[in-house]
Structure formats: structure tokens, C-alpha cells
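Below: one structure, written as C-alpha cells.
All ligand and atom numbering here is 1-based and tracks the order in the structure.
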Amino acid sequence: MSGARPRVAIATCAELPDLDPDDRLVAPALARLGIEGVPVAWDDPGVDWDAFALVAVRNTWDYAGRRDAFLAWAASVPRIVNRPEVLRWSTDKRYLRDLERAGLPVVPTLVVEAGDPLPGALPDEVVVKPAIGVGSVDAGRHREHAEAEAHLAELHDAGRDALVQPFLPGVEERGETALLFFAGVFSHAIHKGPMLPEQGIVRPYGLFQPENISAREPTADERAVGEAVVAWLGERFGVLPYARIDVIPGPSAPVVLECELAEPSLFLGTSEGAADRYAAALAALL
Ligand SMILES: Nc1ncnc2c1ncn2[C@@H]1O[C@H](COP(=O)(O)OP(=O)(O)OP(=O)(O)O)[C@@H](O)[C@H]1O
Ligand SMILES: [Mg+2]
């Protein structure tokens with residue numbers, strides 16, 4: 001091998017070209033392994049992607065409105081992590097149905113495709129959200145059937161398929177627990193406060209909502225759900241360099257709210273050594 005250090009692109013987006021503070025820890029961690037990490041916007045047409053040994057998807061938070069272009073880009077670069085089929089699977093929350101079919105505990109989820117009506121019988125309080133969405137934007141919580149219907153119509157009018165879920169009230173006390181796994185191994189977890197207003201829809205505030213985050217030791221049950229999902233993902237896709245499994249309290253035990261395998265915040269600054277564990281998972285691919 002020549003003396004040149006391998007280069008890894010740390011993908012961001014033109015709308016938010018600066019890496020998130022947590023992701024600014026990635027390049028120094030890669031450097032400790034003799035790898036050069038370079039932030040690059042995925043939608044910058046001037047980039048020579050062949051110059052990189054690997055593209056690491058990180059802050060590509062603008063894909064929700066143009067997922068097809070994002071996935072086409074992902075398929076076009078020489079080597080990307082997570083792999084394009086993983087990015088495709090995890091950027092449409094319909095995957096919750098796959099997890100459910102596999103017997104994993106998930107938030108009960110109904111998919112309502114553009115044009116289809118809201119079912120007549122619904123839980124007292126529902127969450128309506130886009131199947132393809134990030135940062136809580138356009139998700140909403142409703143007690144009135146008519147409001148849920150109006151929200152659904154708004155998503156459908158914009159050509160977006162929607163998910164309808166019961167609002168699980170345990171999130172108000174316990175919040176959400178995001179479990180981070182690198183190379184299939186548990187790394188750390190964080191607590192995220194509840195994101196939805198008591199009533200109504202989260203409107204865009206940039207590309208994501210401000211979040212209330214802190215380090216958290218998961219309960220044994222939360223961790224077990226994360227481990228079970230990661231094991232299932234490993235069977236389906238092979239061991240994933242990174243995965244974030246978000247769980248919230250269900251009626252009796254934790255349930256999966258999201259399985260983030262594309263551009264999740266990894267909260268690398270909340271746990272000693274997390275950036276190094278992530279960097280090592282990337283380095284293993286070179
Ligand atoms: N069924 C539900 N019950 C209770 N709270 C919910 C439910 N669905 C979503 N929420 C709340 O809404 C937030 C956003 O929902 P979700 O994580 O599914 O969407 P998202 O847009 O992908 O968010 P992000 O990209 O920020 O993780 C969650 O963090 C959670 O606080
Ligand atoms: Mg989420």
C-alpha cells in the first residue's frame with residue numbers, strides 16, 4: 001500500500017453544510033486510525049466521489065423531500081455506509097411492518113397510502129406522520145378524528161403516504177431511548193424528551209426540531225429490544241457498521257418507534273469513546 005492515507009467522505013447536505021457538533025468528532029477519531037475524514041455535501045455536483053475510499057452518510061438531513069435523488073446518489077458512489085439497500089429500507093417507516101411480521105415489538109402502525117381514507121375506528125389519541133420524514137417535521141398528535149383526517153389529507157395532498165399510530169403516553173414520563181450500535185455491538189444510549197406538542201402538528205423549523213438530549217443507561221428491557229432488532233437486521237443485511245434503535249414505553253414493555261440506519265444523530269459526544277467505536281466500524285470496511 002502507498003503511504004497516502006485513505007480518505008473517507010463524511011456526507012452532509014448543501015442546506016446544512018457544517019457538521020453537527022457530535023459529528024465533528026468523527027474526523028479526529030478517523031485521524032487516530034490513520035484515515036482522513038472530509039465533510040462533503042451529498043448534493044454538491046462538483047464532488048469527485050471516486051476520490052474517496054468510503055462515503056459515510058451523516059448529516060444528509062434534507063433527503064425527506066427528495067428521497068429518490070438521495071437514493072440514486074447513494075447507489076452511484078463507489079462505496080457507501082450504510083449500504084444503499086439499507087438506506088432504502090430504513091428511510092421509509094413502512095419497515096415497521098417488517099419488524100412486526102418478524103415478531104419484534106413495535107409501535108402498532110397502520111400505513112395509509114395517498115388516496116386511502118382514515119379507518120373509522122381509531123384509538124382515542126393518534127399520531128399521524130409521514131412515512132418518509134425526519135426531525136419530527138409534519139408529525140402530529142390528535143384527539144379529534146376530524147383533525148387527524150385533516151392532517152392525513154394534508155400529507156396525501158402533498159403526495160405523501162402516512163402512518164397512523166396510537167399515541168403511546170409513556171413517552172411523556174420516560175421519553176424516548178435511542179440505542180446506538182456500532183458493528184452490531186451496543187455502544188451507548190441517550191434519552192430524548194417527548195417531541196410532539198399536546199395537540200396538533202409539528203411545523204418545519206429548519207430541517208429538524210430542537211431536541212432535549214442526555215446520556216442514559218437503558219433498562220435491561222430497552223437494551224434487549226435493541227439487541228433483538230440489531231440481530232434481526234444482521235440476519236437480513238449483514239452486520240451493520242452503525243444502527244440506532246429508538247424505543248418508547250409500550251403498554252407493558254418497550255416498543256420500537258424507529259430503526260435509524262441512514263442519517264441518525266449518533267450522539268457521539270455523550271459517551272466516552274463513542275466516536276472511536278464508530279470510526280473503528282468504518283475503518284473495518286477499508
Ligand atoms: N406513536 C407515538 N406515541 C408517542 N409519541 C410519538 C409517537 N410517534 C412519534 N412520537 C413522538 O414524535 C417524535 C417524532 O416521531 P418519529 O421519531 O417517528 O419521527 P421522525 O420525524 O423520524 O423523527 P426524528 O428524525 O427526529 O427521529 C418522537 O421522537 C416522539 O417523541
Ligand atoms: Mg425519531
- Message: Using a 4.0 Å cut-off to any heavy atom of Glu211, which atoms of ligand 1 qualify?
- Response: 26 (O)
- Expected output: side-chain Trp61 to main-chain Glu263 donor-acceptor under 3.5 Å: yes
- Item | Gap separating the NZ atom of Lys192 from the OG atom of Ser136, nearest 0.5 angstrom | 5.5 Å
- Work out how many protein N, O or S atoms lie closer to the Mg ion (ligand 2) than 2.8 Å. 1
- Query: Does Met195 approach ligand 1 within less than 4.0 angstrom via side chain, backbone, both or neither, non-hydrogen atoms only?
  - Reply: both
- Any idea which part of Pro166 is under 4.0 Å from ligand 1, heavy-atom wise: side chain, backbone, both or neither? backbone
- Note on the structure: side-chain hydrogen bond (donor to acceptor under 3.5 Å, both in side chains) pairs touching residues 103-114, sequence neighbours excluded, are Arg94-Glu113, Thr109-Gln165
- Query: Considering only heavy atoms of Val171, which atoms of ligand 1 have at least one such atom less than 4.0 Å away?
  - Reply: 4 (C), 5 (N)
- Item | Proximal atoms of ligand 1 relative to Val107 (non-hydrogen, under 4.0 Å) | 1 (N)
- Candidates Lys93, Arg141, Glu176; heavy atom nearest atom 20 (P) of ligand 1 found on Lys93
- Go through Arg32 and Asp276 one step at a time and tell me if the salt bridge (Lys or Arg N to Asp or Glu O under 4.0 Å) criterion holds. CA-CA 8 Å; Arg32 289 192 280 279; Asp276 291 302; 3.0 Å; yes
- Query: After noting the C-alpha distance and the side-chain angles of Asp22 and Arg24, does the key distance pass the salt bridge (Lys or Arg N to Asp or Glu O under 4.0 Å) rule?
  - Reply: CA-CA 5 Å; Asp22 273 327; Arg24 285 179 214 146; over 6 Å; no
- Task: Look at the rings of Trp73 and Trp49 and say which category their plane angle falls in: under 30° parallel, 30 to 60° tilted, over 60° perpendicular.
- Result: perpendicular
- Note on the structure: Near Lys192 (heavy-atom distance under 4.0 Å), the atoms of ligand 1 are 26 (O), 27 (O)
- Within a distance under 4.0 Å of any heavy atom of Leu196, pick out the atoms of ligand 1 and give their elements. 6 (C), 10 (N), 11 (C), 12 (O)
- Message: Show the atoms of ligand 1 that are less than 4.0 angstrom away from any heavy atom in Gly133.
- Response: 21 (O), 22 (O)
- Query: Is it the side chain (CB and beyond), the backbone, both or neither of Ala139 that lies under 4.0 Å from ligand 1, heavy atoms counted?
  - Reply: neither
- Query: Relative to the heavy atoms of Phe167, which atoms of ligand 1 are at a distance of less than 4.0 Å?
  - Reply: 3 (N), 4 (C), 5 (N)
- Going by atom types alone, do Trp232 and Asp98 pair a side-chain donor with an acceptor below 3.5 Å? no
- Item | Side chains of Gln199 and Arg141, donor plus acceptor under 3.5 Å | no
- Pick from Val127, Val137, Ile132: the one approaching atom 7 (C) of ligand 1 most closely through a non-hydrogen atom: Val127
- Indicate, as side chain, backbone, both or neither, the part of Glu260 found under 4.0 angstrom from ligand 1 when only non-hydrogen atoms are considered. side chain
- Do Leu240 and Val86 have side chains that get closer than 4.5 Å, going by heavy atoms? yes
- Polar side chain donor-acceptor pair, Arg216 to Thr270, under 3.5 angstrom: no
- Query: Going hydrophobic residue to hydrophobic residue with side-chain gaps under 4.5 angstrom, can you get from Tyr278 over to Leu233?
  - Reply: no
- Task: Please work out which of the three classes, parallel, tilted or perpendicular, describes the rings of His142 and His151, given edges at 30° and 60°.
- Result: perpendicular
